[in-house]
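These numbers were taken from a predicted model, which means no experiment stands behind them. When reading the values below, keep in mind they use all heavy atoms of this one structure, side chains included, and skip hydrogens, waters and symmetry mates. Each ligand, and each atom within it, is numbered from 1 in the order the structure gives.
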Amino acid sequence: MADYVNKQVIELKEVNQENQNRATRSVKTETHLSDGRLRLYRLAAVCLGVLCVLQVTLNISLRLAFYNRGNETVERDQLQTSYNTLTEERDQLQTSYKTLTEERDQLKPIYNILTKERDQLQTSYNTLTKERDQLQISYNTLTKERDQLQISYNTLTKERDQLQMDRDDLTSKFSNLKQTCPEGWQIKLESSWYFLSTETKSWKESRQDCLKRGADLVIINSDLEQEFLLSFNKRAWIGLTDSVTEGAWKWVDGTPLTIPSYWYSQQPDNGGDNPANGEEDCVELNTETWLPVKAWNDQSCLDNRYWICEKVV
Ligand SMILES: [Ca+2]
Ligand SMILES: [Ca+2]
Ligand SMILES: [Ca+2]
């Protein structure tokens, strides 16, 4: 645009120069013309110059007008393009907004459900925490009880081991006793052997037989021993007599009779009032006729009876 204006100015100057040259030439060549005609020519030249100036001004104005109009058109097109772009972006944003709104509406119920599940899980967590604490307390208590039981177990294990050792020792002793038990003797109670005769003799002869066997007539020390002897079911002498002092019953080892005693009813009677019975100074177990436990009877020492020997081992 500026080049164009400069070009028009230059052309205008050239035209003015040409007009001046023509005027000069006219002055030089037509000096002889009259002043009236000269003025007329000068007026025409001036008018022509003014016209040229106007022409140039008009051209510049038009050019500027077209140029401005072109710029406006470009700006309008650019604005239209921007408008279209913004409209598309707005539509896209509107679509995105609708989509996000729909997604939000869909997510809202899920959010509510998840919130409830979270609350339930929180409640469950609290419950489990309490249960865990209670279990921890129970665990600690059980651990202490276990430790105490472990100590008791260790103590019992030692006692068991000791008892097993004692048992083994007693078993060994018992086995040895059994192996050395003479023919005809029985081991029934833990500390004694017993021999029941197969024939009958007087009390004195019976005791002599026991002494030969390394034993003596049986001394009854307990209910258990009394019951055991009853199981022989024989009328047999035992080691009890009052032959030294009437009524003073002593065992064959010299110890006086105390409890327990197992006299049958109305015994001892020392023969009662029947002279045929004589003195009754020796004791028999009359298990053939008198049962069950209280089966002692004082009897004449001369009568023949089975006998029971006892060897304390
Ligand atoms: Ca005894
Ligand atoms: Ca007597
Ligand atoms: Ca009697």
Side-chain angles (χ1 to χ4, degrees), residues 170 173-174 176-178 180-313:
L170 289 173
K173 289 180 179 177
F174 178 80
N176 292 334
L177 287 173
K178 191 172 183 180
T180 59
C181 182
E183 183 70 22
W185 289 76
Q186 298 183 44
I187 297 174
K188 195 63 176 181
L189 302 182
E190 59 182 13
S191 61
S192 293
W193 296 344
Y194 296 91
F195 173 82
L196 174 63
S197 70
T198 57
E199 55 182 335
T200 59
K201 288 184 178 181
S202 67
W203 187 90
K204 189 174 181 180
E205 291 171 336
S206 297
R207 188 180 183 199
Q208 286 175 348
D209 179 79
C210 288
L211 292 172
K212 287 180 182 176
R213 297 175 186 274
D216 207 335
L217 287 172
V218 62
I219 297 173
I220 299 173
N221 307 99
S222 66
D223 291 351
L224 183 63
E225 193 170 23
Q226 169 75 4
E227 291 172 358
F228 167 66
L229 297 177
L230 292 177
S231 68
F232 291 155
N233 198 27
K234 294 290 186 182
R235 296 189 69 167
W237 295 121
I238 64 173
L240 186 62
T241 180
D242 69 342
S243 59
V244 176
T245 303
E246 175 61 30
W249 296 99
K250 289 187 177 180
W251 293 104
V252 289
D253 63 353
T255 56
L257 173 65
T258 57
I259 53 174
S261 65
Y262 303 97
W263 295 109
Y264 185 68
S265 175
Q266 298 180 347
Q267 302 298 329
D269 61 354
N270 200 35
D273 297 330
N274 188 351
N277 292 334
E279 288 286 317
E280 292 185 341
D281 295 339
C282 295
V283 178
E284 63 166 346
L285 281 175
N286 190 354
T287 56
E288 290 181 347
T289 54
W290 298 339
L291 289 175
V293 178
K294 292 184 179 298
W296 291 1
N297 173 47
D298 58 340
Q299 187 71 20
S300 171
C301 298
L302 300 178
D303 289 344
N304 291 328
R305 293 288 185 271
Y306 296 99
W307 68 93
I308 300 171
C309 301
E310 178 184 13
K311 179 184 285 187
V312 179
V313 293

Do D242 and K250 meet the salt-bridge criterion of a basic N to acidic O distance under 4.0 Å? no

Is the distance from the Ca ion (ligand 3) to some N, O or S atom of Q267 under 3.0 Å? yes

Run the side-chain contact (heavy atoms from CB on, under 4.5 Å) check on E199 and W307 step by step: do they pass? CA-CA 8 Å; E199 55 182 335; W307 68 93; 3.6 Å; yes

Tell me if the centroids of the rings in W296 and W249 come within less than 6.0 Å of each other. no

So how far is it from S231 OG to Q226 CD, rounded to the nearest 0.5 Å? 10.5 Å

The number of protein N, O or S atoms lying under 3.0 Å from the Ca ion (ligand 2) is 7

Between OE2 of E310 and O of I219, what angle is found at the Ca ion (ligand 1), rounded to 10 degrees? 140°

Donor on one side chain, acceptor on other, N297 and E284, under 3.5 Å: yes

By atom name, which N, O or S atom belonging to E225 lies closest to the Ca ion (ligand 1)? OE2

Flag S222 as yes if one of its N/O/S atoms falls below 3.0 Å of the Ca ion (ligand 1), otherwise no. no

Heavy-atom closest contact (D281 atom, E246 atom, distance): OD1-OE1, 3.0 Å

Just by distance, no angles: are the side chains of Y194 and E225 close enough, under 3.5 Å, to form a donor-acceptor pair? yes

Are side-chain N/O atoms of E310 and S192 paired as donor and acceptor at under 3.5 Å? yes

Of all the N, O or S atoms in D269, which has the shortest distance to the Ca ion (ligand 3)? OD1

